[in-house]
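What follows is a single structure, written as structure tokens, with notes after it.
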Amino acid sequence: MNETYPFSLEPLPYDYDALEPVISAETLQFHHDKHLATYVEKLNKALEPYKELHSMTLEQLLTEPLTVPDSVKTEIKNNGGGVYNHQLYFRCMKPAEDSTPPTGPLKTMIDTAFGSFDTFVRDLTNAALTQFGSGYGWLVEHDGMLEIKKMPNQDVPLGKNITPLLPVDVWEHAYYLQYQNRRMDYVNNWFCLINWDYVEQLLENTKGAVK
Ligand code: MN
């Protein structure tokens, strides 16, 4: 994600109905065209007066707090985080019929960190279900190991030794049109949509990266 101001609305990498029946076209259309679009608009509006921030990437804006004036910090945290998290969430999914379980180094790291793939699913589900209110369940890479996290609102697990790999969005707008209060059904179904090839690519990028 090397884009700088003005940020643009990244198109979905699949059609609106590609994730049905787990995520309906209507849900995806609202989620991408309304919710993500609003985060992009608000981020650009907040950054507009701050010319010194226009050459910074989204990751820099979110991880270099000393260079961001206090007057725009909250707007960047909320809206910049909203852009970052949603881009990753949409990229990390694909049609269920094209999704294949992780293999190779990623599978080995999952087994090492969690004991088995089933335990990983259980732990990420638990994080997603126990995130009180809006937020995300996360798979992250931390000092060369995989970890599960939960984060509120649009907070991003991004930092010196930590790289976000896979978010499950549990804001109500991600599932309410179809699942209403049944967050558990949405999360359980969501696992069949994971684009493990993309997650593996993110993990590869962390190797040898300057941190
Ligand atoms: Mn969302």
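For clarity, every value in this text was computed on a predicted model and none was experimentally measured. Counting from 1, the numbers follow the sequence of the chain as shown. Read the numbers this way: they start at 1 and go in the same order the structure lists the ligands and their atoms.
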Qualifying residue for side-chain contact (heavy atoms from CB on, under 4.5 Å) with Arg122, from Leu124, Thr119, Asp118, Asn126:
Thr119
Examine all N, O or S atoms of His35, backbone included, and report whether one is under 2.8 Å from the Mn ion (ligand 1).
no
Can you name the N, O or S atom of His31 that is closest to the Mn ion (ligand 1)?
NE2
So if I apply the side-chain contact (heavy atoms from CB on, under 4.5 Å) rule between Trp196 and each of Leu166, Thr100, Thr103, which one comes out positive?
Leu166
The Mn ion (ligand 1) is nearest to which N, O or S atom of Asp169?
OD2
Side-chain donor-acceptor pair under 3.5 Å between Tyr50 and Ser71, yes or no?
yes
Minimal heavy-atom distance between Thr57 and Phe7, with the atoms involved, is C-CZ, 4.4 Å
